[in-house]
Protein chains: 2
Amino acid sequence: MARTGRRRGSPDTREAIVSAARAVFAEHGYDGAAIRAIAARAGVDPALVHHYFGTKEKLFLAVVAAPFDPGEVLPRITGPGTDGFGERLIRALLAVWEDPVRGPAALALLRSALRHDWSARMLREFLTNRVLRRGMQLLEIDPAEAPLRASLVASQIVGLVGIRYALRIEPLASLPVEVVVANVGPTIQRYVTGPLVGRDAVAIAEHLR
Amino acid sequence: MARTGRRRGSPDTREAIVSAARAVFAEHGYDGAAIRAIAARAGVDPALVHHYFGTKEKLFLAVVAAPFDPGEVLPRITGPGTDGFGERLIRALLAVWEDPVRGPAALALLRSALRHDWSARMLREFLTNRVLRRGMQLLEIDPAEAPLRASLVASQIVGLVGIRYALRIEPLASLPVEVVVANVGPTIQRYVTGPLVGRDAVAIAEHLR
DNA sequence: CGAGGAATTCATCTAGCGTTGATTTCAACG
DNA sequence: CGTTGAAATCAACGCTAGATGAATTCCTCG
């Protein structure tokens, strides 16, 4: 009964580690997730994790940052223009979060973003530059209003995701996707195309007077 | 130069510890916050923290769960009825979060809720039973629709707070309170009094058909 | 078949955590 | 004053974490 050394066959151990890490990170957040726990879940020695990924942070980035490429999905939902954008956005968003691979990864990222400066910065830059700014450009929103509209959209998105997938408050947590889309979509729509208060510094000063 | 033993005068060390704990918990979340760090920030030996509070969890609860009593503020914002409720809610919410004591405490609670089951359960029950349900009752919302409306409201609230105070995405992060109120208030208003899709199971099934 | 390298484990190091018990200093009270 | 108890520190324990380096097994290719 050989306990040490290489295994027989060609088991995709690396993928097993990634998958285990995704689950444990999603469940416990960054520091909450122990490499030992990940290794155990993958049926593997903890040292092997370091052998493949070097450090815990690199493992996290490999697992979590990978499945996000807004470059493809963004044009698809902004393409048809500003009409019905709210519903399309929520639908696409929920598609990511219901996905068994990208959902947990996203949850892990959100969890750790609320704890680590480096992670929060990462998520903020990702959202701000790669998603929100580009989305507003594709929709041809007035650049003076775009940042405010974008951060309002972000607030509803983060909240929806937090309530439905992290805090799991009912009934939002187990509502069918299309019902969520129908209820939250209009909010997004209003943030994107509706009236704004304080579109820039001057307008804000005026509104406060 | 005496290093050990009781200090001269009557310094309010306990309060110093509470205050330091609030800051560190808010910044790093529950496990991220080291008792040693809290003690250092309070200019005190780590053992003294245990002397006063016994355990880390008790310290957390003492620091974080204390400043929340919706019993007083809730009737005040639901009192004038359903008109303008959205703006009043956001205004009251931001008042809590801008407060130098309750703000960090709330942030600490939110941060740790995204990591610990016990903490998430705590926050969920607090929000669900003590805030949302009672608020809906005071507003005399149709009980069949109340839970869905409440969780939609919660989603916008959590998102706003997350973006503004945790993720700090601009411009929402540094917008004056009244501008936020004017922009987000209507969303709350719509969730409370606006049209709903799928108010109950039957309606949901119909909407999906 | 033999050598080299990749895969895997083992034992161990170091650092930090929460917690504890003994010990010292100070304030209050008779 | 002398005593008592609270306030505060010190030193240490036990635990768990991430990381490391050597050792072992297996696959691959010449």
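Just so we're on the same page: letters track the sequence lines, and every chain starts at 1.
- Between A/H50 atom NE2 and D/dA22 atom P there is a gap of 17 Å when expressed in whole angstrom units.
- B/V96 pairs by the side-chain contact (heavy atoms from CB on, under 4.5 Å) definition with B/F68, B/R102, not counting sequence neighbours.
- Using cut-offs of 30° and 60° for the angle between ring planes, the A/Y30 and A/F60 rings count as perpendicular.
- Atom CZ in B/F53 sits roughly 13 Å away from atom P in C/dT19 (whole-Å rounding).
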Distances under 3.5 Å between protein N/O atoms and the N/O atoms of nucleotides 11-15 of chain C, please, pair by pair.
none

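- The residue B/I35 sits close only to the backbone: its heavy atoms come under 4.0 Å of sugar-phosphate atoms, none of a base.
- Legend: salt bridge (Lys or Arg N to Asp or Glu O under 4.0 Å) pairs involving residues 157-173 of chain B, not counting sequence neighbours, sorted by first then second residue: B/E98-B/R164.
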Kindly list each side-chain donor-acceptor pair under 3.5 angstrom involving residues 70-77 of chain A, sequence neighbours excluded, with atom names and distances?
none

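- Taking 4.0 Å as the cut-off between side-chain N and carboxylate O, B/E27 and B/R111 do not count as a salt-bridged pair.
- Considering only heavy atoms from C-beta on, A/L152 stays 4.5 Å or farther from A/Q156 through its side chain.
- Judged purely by distance below 3.5 Å, without hydrogens or angles, the side chains of B/H51 and B/D45 never pair a donor atom with an acceptor atom.
- Between the CG atom of B/L48 and the C1' atom of D/dT9 there is a distance of 9 Å, given to the nearest Å.
- An OP1 or OP2 oxygen of D/dA8 is reached within less than 4.0 angstrom by no side-chain nitrogen or oxygen of B/H51.
- Residue B/T13 places at least one side-chain N or O under 4.0 Å from the OP1 or OP2 atom of D/dA8.
- Distance CG (A/D31) to P (D/dA19): 12 Å, rounded to an integer number of Å.
- DNA chain D is contacted by no residue of residues 17-27 of chain A, taking any non-hydrogen atom closer than 4.0 Å.
- Across the protein-nucleic acid pair, B/R14 atom CZ and D/dA8 atom P stand 12 Å apart, rounded to whole Å.
- A/A23 is linked by a side-chain contact (heavy atoms from CB on, under 4.5 Å) to A/R41, counting only residues two or more places apart in sequence or in another chain.
- Look at CG on B/D12: it is 12 Å from C1' on D/dA7, rounded to the nearest Å.
- Taking 4.0 angstrom as the limit, B/T55 places a side-chain polar atom (N or O) nearer than this to OP1 or OP2 of C/dT19.
- Checking the phosphate oxygens (OP1, OP2) of C/dA6, no side-chain nitrogen or oxygen of A/Y52 falls inside 4.0 Å.
- Atom P of nucleotide C/dT19 and atom CG of B/L59 are separated by 10 Å, given to the nearest angstrom.
- Projected onto DNA chain C by closest heavy-atom contact, A/G43 and B/A34 fall at different nucleotides, the more 5' of which corresponds to A/G43.
- Residue-level contact check: B/A37 touches neither bases nor backbone, having no heavy atom under 4.0 Å from any strand.
- A/K56 places its NZ atom 4 Å from the P atom of D/dG18, with the value rounded to the nearest Å.
- A/A39 comes within contact range of no nucleotide atom at all, as no heavy-atom separation falls under 4.0 Å.
- There is a side-chain donor-acceptor pair under 3.5 Å between A/T187 and B/R190.
- Both tests pass for A/R14 against the ring of A/F53: distance under 6.0 Å to the centre and angle within 45° of the axis.
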